[in-house]
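All chains are named by letter (A, B, ...) in the order of the sequence lines, taking the proteins before the strands, and each is independently numbered beginning at 1.
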Amino acid sequence: MPELPEVETTRLGISPHLLGQRVTKLVVRQPKLRWPIPPSLIKALPGQRIDAVERRAKYLLVHTSAGSAVLHLGMSGSLRVLDAGTPAGKHDHYDWQLDSGRLLRFTDPRRFGSLLWQAPGRTHKVLVALGPEPLGDAFDGDYLWRLSRGRSAAVKTFIMDQAIVVGVGNIYAAEALFAAGIHPRRKAGSVSRARYRLLAEAIRRILHYAIQRGGTTLRDFISPDGVPGYFEQELYVYGRAGEPCRNCGSTIRSIVLGQRSTFYCPACQR
DNA sequence: ACTTTAGCCTGTCGGC
DNA sequence: TGCCGACAGGCTAAAG
């Protein structure tokens with residue numbers, strides 16, 4: 001499930017099965033996802049050959065010469081490559097049948113995921129306002145510091161804003177703020193440049209590490225429940241309310257920030 | 001220009 | 001056992 005490392009792991013898992021394949025048929029069982037699957041995609045995708053599979057933020061882009069599919073996993077979505085003829089379950093909303101005799105299947109109980117279509121040479125609306133990739137060159141502590149001046153929103157909300165930096169979800173935001181020693185409720189504009197440098201490095205390190213971990217657990221991409229147990233052993237604050245801080249022993253607290261639960265150590269994070 | 005809120009869905013879990 | 005509310009890893013549109 002989907003924060004950036006899971007999406008990247010998904011990309012690595014499905015890409016070899018998709019590249020060069022032709023989509024022989026699109027089966028849609030439930031078109032009502034986060035947005036309805038657009039008729040333009042239903043018309044254009046079948047018959048196309050897949051040229052590339054990219055990731056931008058938490059979106060997957062599947063490119064063909066006729067346009068690109070833009071996929072999002074939402075909160076509970078997953079993609080798997082299965083043999084054609086594998087019976088579909090209740091939450092299996094669409095399949096792409098492939099030349100190879102396999103299919104790409106999307107499963108999503110909560111239906112917050114999406115399947116959109118981008119015409120050649122265009123950038124889909126959902127991709128326009130996105131901030132830089134956290135693992136790319138344009139992202140660092142100075143960048144965060146500059147954009148945060150004058151901002152009164154909580155720093156956690158700030159780094160989860162996809163217009164600021166993409167791919168930092170609720171878990172990784174909490175973990176990165178712990179690593180940088182920043183209280184999640186602190187105003188973004190009051191965090192020092194030095195702290196933002198620590199924070200940016202923590203985000204990069206944690207995401208990179210999680211991708212490596214995901215890559216080893218999900219390599220063949222056929223495992224039915226799809227998702228590794230994250231690295232639950234290695235979480236410092238997320239989901240640990242009432243438990244001792246692994247650094248100082250203080251009791252981890254949980255609060256609600258922007259309607260999302262967040263976790264922090266009252267002694268290590270200021 | 002920024003910040004906050006409601007809402008899209010279903011499943012699961014804990015308390016009574 | 002069943003009912004009920006709280007909560008879940010995301011994101012957008014609209015309102016403030």
Of the listed nucleotides ([options]), which one gets closest to any side-chain atom of [X]?
X: A:Arg110; options: B:dT3, C:dG10, B:dT10; answer: B:dT10
X: A:Arg260; options: B:dC8, B:dT10, C:dG9; answer: C:dG9
X: A:Ala153; options: C:dG10, B:dT3, B:dC9; answer: B:dT3
X: A:Val126; options: C:dG9, C:dT12, C:dG10; answer: C:dT12

- Item | A:Arg111 vs A:Gln30, side-chain contact (heavy atoms from CB on, under 4.5 Å): CA-CA, chis, key distance, verdict | CA-CA 9 Å; A:Arg111 285 198 269 138; A:Gln30 172 55 276; 3.6 Å; yes

Using only side-chain N and O atoms of [X], determine if any of them is under 4.0 Å from OP1 or OP2 of [N].
X: A:Tyr238; N: C:dG9; answer: yes
X: A:His91; N: B:dT10; answer: no
X: A:Lys90; N: B:dG11; answer: yes
X: A:Ser152; N: B:dT3; answer: yes

Without decimals, in angstroms, what is the distance between [X] [atom1] and [N] [atom2]?
X: A:Asp161; N: B:dA1; atom1: CG; atom2: P; answer: 14 Å
X: A:Met75; N: B:dG7; atom1: CE; atom2: C1'; answer: 12 Å
X: A:Gln162; N: C:dC11; atom1: CD; atom2: P; answer: 4 Å
X: A:Phe112; N: B:dA6; atom1: CZ; atom2: P; answer: 15 Å

When all nucleic acid strands are considered with a 4.0 Å heavy-atom cut-off, which category describes [X]: base, sugar-phosphate, or nothing?
X: A:Lys187; answer: nothing
X: A:Tyr59; answer: sugar-phosphate
X: A:Arg111; answer: sugar-phosphate
X: A:Gln259; answer: base
X: A:Lys32; answer: nothing
X: A:Ser261; answer: sugar-phosphate

- Query: When rounded to the nearest Å, what value does the distance between P atoms of B:dT5 and C:dC7 take?
  - Reply: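 Between the two P atoms, the distance is 16 Å.
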
- Query: Which ILVMFWY residues can you reach from A:Val27 by hopping between side chains whose heavy atoms are under 4.5 Å apart?
  - Reply: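 Noted: A:Val27 shares its cluster with no other residue.
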
- Qualifying side-chain hydrogen bond (donor to acceptor under 3.5 Å, both in side chains) pairs with a residue from residues 253-263 of chain A, counting only residues at least two apart or across chains: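 Non-adjacent pairs meeting side-chain hydrogen bond (donor to acceptor under 3.5 Å, both in side chains): zero.
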
- Query: What is the distance from atom CD1 of A:Ile211 to atom CG of A:Leu12, rounded to the nearest 0.5 Å?
  - Reply: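 The CG atom of A:Leu12 is 8.0 Å from CD1 of A:Ile211, to the nearest 0.5 Å.
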
- Backbone N or O of A:Phe112 within a donor-acceptor pair of the A:Asp108 side chain at under 3.5 Å?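 Pair found, side chain donor or acceptor close to backbone of A:Phe112.
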
- Note on the structure: Base-pair string, DNA chain C, Watson-Crick plus G-U, cut-off 3.5 Å on both distances, | for inter-strand, is .|||||||.|||||||

- Carboxylate-amine/guanidinium contact A:Lys90 A:Asp92, below 4.0 Å: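 Salt bridge absent between A:Lys90 and A:Asp92.
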
- Message: Strictly below 4.0 Å, N to O, side chains only: are A:Arg193 and A:Asp142 in salt-bridge contact?
- Response: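 A salt bridge links A:Arg193 with A:Asp142.
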
- Report the residue (A:Gly74 or A:Lys125) whose heavy-atom-nearest nucleotide on DNA chain C is the more 5′ of the two.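 Whichever sits nearer the 5' end wins; that is A:Gly74.
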
